[in-house]
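Report on one structure; see the data block that follows.
When reading the values below, keep in mind they use all heavy atoms of this one structure, side chains included, and skip hydrogens, waters and symmetry mates. A note on names: the letters A, B, ... follow the listed sequences, proteins ahead of strands, and every chain is numbered from 1.
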Amino acid sequence: MPELPEVETVARQLEPLLSGRRLRRARLLDRRLGTPPVASLVGHQVERVFRLGKQVAFELSRRGRPRFMAVHLRMTGRLIWQDGRRRSPPDHKHLRARFDLDGGRLLFFDPRRFGTIAVVDTPEEIAPCGVDPLSAELTPGALAGLLRGSRQAIKAWLLRQDRLVGLGNIYACEILFRAGVAPDRAAGRLRRTDVERLHRALRDVLTRAIESCGTTFSDFQDARGVSGSYQRYLGVYAREGEPCPACGRPVRRIVQQQRSTFYCPGCQR
DNA sequence: GGGTACCTGAAA
DNA sequence: TTTCAGGTACCC
């Protein structure tokens, strides 16, 4: 569940569940995670949970000194809060890290093992360098400035985390569809009206997706896990051959950077 | 910039 | 058996 809306959803759900609880034990269960000093956070209290780019960030503190843990879900990571009274699930398959807090535990599952965990002293050390598409900073003019001079295809450009943070394959496709911009257009060649439509589409699609708690394909549900409903609104993603919801022409799939791009050749120019 | 690699599981 | 997957680090 790993693009901006899904990460935002996870952070919002965890925030009230974890805030104020003290960390009692922290265990990494997969060598691939390396050796972030999670044990040094034991005894700290969770102050807040928030999204930073595509990462779920935890601010913890002890005696007024803040520290931060950042979890990147990558492709298949999931963070699940489990109430203290409930027993651990019998199926601990893919459990990669476990954090015991007062009254419950935070479990990190990750089948593909691409996820990462970092422990740092300041949020700047976590922060990816791009602009958050939902921040007030990203005006249409600012977006035009970022795009200027780029010869990259706009679809590939939207995936660059050093320009905008948080977009992935699903939302890059959906945003271009909403904006009516063809995915192979050169990013720096978009006209002013294209940039304005792109800016609006960024806001509209992401805001709506967050309201829907993100997109979920595999439809498992868990007590406190996340299952979104934005897939209901997807216009083109994973809809190759189906009629475009706007014009009825079949949705087309192409490959850019070894990844699928879905678009409507009628609506996107 | 674009290709390749990193992992595992589900679906074709 | 092969292909595909919501991500990104690292190679030329």
Side-chain angles (χ1 to χ4, degrees), chain A residues 1-11 28-34 36 51-56 70-79 91-97 108-118 126-130 133 146-177 183-189 205-206 208-210 212-220 225-241 253-263:
Chain A
M1 48 196 84
E3 297 182 46
L4 186 154
E6 292 74 31
V7 178
E8 179 76 30
T9 299
V10 173
L28 301 175
L29 307 172
D30 182 358
R31 310 175 75 93
R32 199 162 203 286
L33 289 170
R51 176 183 64 80
L52 212 43
K54 284 182 191 171
Q55 308 202 52
V56 182
V71 176
H72 199 310
L73 273 19
R74 292 290 180 96
M75 298 283 269
T76 54
R78 296 168 66 208
L79 284 168
D91 185 11
H92 263 194
K93 204 174 168 189
H94 304 144
L95 181 63
R96 310 298 183 198
F108 177 54
F109 294 90
D110 187 14
R112 284 177 78 176
R113 305 168 69 202
F114 287 159
T116 61
I117 295 178
I126 306 169
C129 20
L146 290 171
L147 289 163
R148 194 163 298 134
S150 171
R151 297 197 296 179
Q152 207 166 19
I154 184 63
K155 160 70 181 336
W157 189 92
L158 288 174
L159 295 176
R160 295 181 57 164
Q161 304 297 300
D162 61 337
R163 293 297 186 268
L164 297 180
V165 224
L167 299 184
N169 211 32
I170 295 178
Y171 296 105
C173 292
E174 291 301 315
I175 286 162
L176 288 173
F177 172 62
D184 58 354
R185 298 264 308 273
R189 290 276 168 78
V205 169
L206 294 174
R208 185 114 191 231
I210 290 170
S212 307
C213 296
T215 303
T216 314
F217 280 129
S218 44
D219 55 356
F220 46 1
V226 178
S227 73
S229 58
Y230 189 75
Q231 59 274 19
R232 183 184 323 168
Y233 301 110
L234 294 177
V236 288
Y237 188 82
R239 296 203 186 291
E240 182 183 13
R253 171 182 179 268
I254 57 172
V255 174
Q256 293 179 289
Q257 302 187 133
Q258 289 85 243
R259 312 196 66 192
S260 293
T261 296
F262 300 90
Y263 73 104

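Between the CG atom of A:D110 and the P atom of C:dG6 there is a distance of 15 Å, rounded to whole Å. If you measure from atom CG of A:L159 to atom P of C:dG7, you get 7 Å, rounded to the nearest angstrom. Remark: P of C:dT3 and CD of A:Q258 are 14 Å apart, rounded to the nearest angstrom. The distance between atom CZ of A:R32 and atom P of C:dT8, rounded to the nearest whole Å, is 14 Å. One can place CZ of A:R112 at 13 Å from P of C:dT8, the figure rounded to the nearest angstrom. Regarding A:E3, its CD atom lies at a distance of 13 Å from the C1' atom of C:dT8, rounded to whole Å. If you take CE of A:M75 and P of C:dG6, they are 5 Å apart, rounded to a whole angstrom.
Within the nucleic acid shown, A:R151 has no heavy atom closer than 4.0 Å to any nucleic acid atom.
Taking a 4.0 Å limit (strictly below) on heavy-atom distances, residues 160-171 of chain A reaches DNA chain C at A:Q161, A:G168, A:N169, A:I170.
In this structure A:Y237 satisfies the ring-ring contact (aromatic ring centres under 6.0 Å, His included) test together with A:F217, A:F262, sequence neighbours excluded. Checked against side chain to side chain contact (heavy atoms under 4.5 Å, CB included), A:R259 has the following partners two or more places apart in sequence or in another chain: A:L159, A:N169. For the side chain to side chain donor-acceptor pair (under 3.5 Å) test, residues two or more places apart in sequence or in another chain that qualify with A:T261 are A:K155, A:Q256. For A:D30, the side chain to side chain donor-acceptor pair (under 3.5 Å) partners are A:R113, not counting sequence neighbours. For A:Y230, the ring-ring contact (aromatic ring centres under 6.0 Å, His included) criterion is met by A:Y171, A:Y233, not counting sequence neighbours. Scored by the side chain to side chain donor-acceptor pair (under 3.5 Å) test, A:R185 finds A:D194 as partners (sequence neighbours excluded). For A:R96, the side chain to side chain donor-acceptor pair (under 3.5 Å) test picks out no residue, with sequence neighbours left out. Listed by chain and residue number, A:Q55, A:I126 satisfy the side chain to side chain contact (heavy atoms under 4.5 Å, CB included) test with A:A70 (two or more places apart in sequence, or in another chain).
The two residues A:I117 and A:A97 come nearest to each other via the heavy atoms CD1-CB, 3.9 Å.
Of the options A:L28, A:V56, A:V71, a side-chain contact (heavy atoms from CB on, under 4.5 Å) to A:F108 is made by A:V71 and by none of the others.
OP1 or OP2 of C:dT8 has at least one side-chain nitrogen or oxygen of A:H72 nearer than 4.0 Å.
Proximity of A:L73 to A:M75: side-chain heavy atoms (C-beta onward) are nowhere separated by under 4.5 Å.
Comparing B:dA12 with C:dG6, their P atoms are spaced 15 Å from each other, to the whole Å.
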Query - side chain to side chain contact (heavy atoms under 4.5 Å, CB included) between A:D110 and A:H94, worked out - result: CA-CA 5 Å; A:D110 187 14; A:H94 304 144; over 6 Å; no
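The 5' end of DNA chain B is approached more closely, in terms of each residue's nearest nucleotide, by A:S150 than by the other of A:R96 and A:S150.
For DNA chain B, the contact window with chain A, defined by any atom under 4.0 Å from a protein heavy atom, covers B:dG1 to B:dG9 in 5' to 3' order.
For A:R259 and C:dA5, a side-chain-to-base donor-acceptor distance below 3.5 Å is absent, hydrogens and geometry of angles not being considered.
Remark: A:L234 CG to A:F177 CZ distance equals 10.5 Å, nearest 0.5 Å. Between A:L158 atom CG and A:L147 atom CG the span is 8.0 Å, to the nearest 0.5 Å.
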Polar-atom pairs under 3.5 Å, protein N or O versus N or O of nucleotides 10-12 of chain C: list them with distances, or write none.
none

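Stem analysis of DNA chain B (Watson-Crick or G-U pairs, both distances under 3.5 Å, runs of at least three) returns B:1-6 with C:7-12, B:8-12 with C:1-5.
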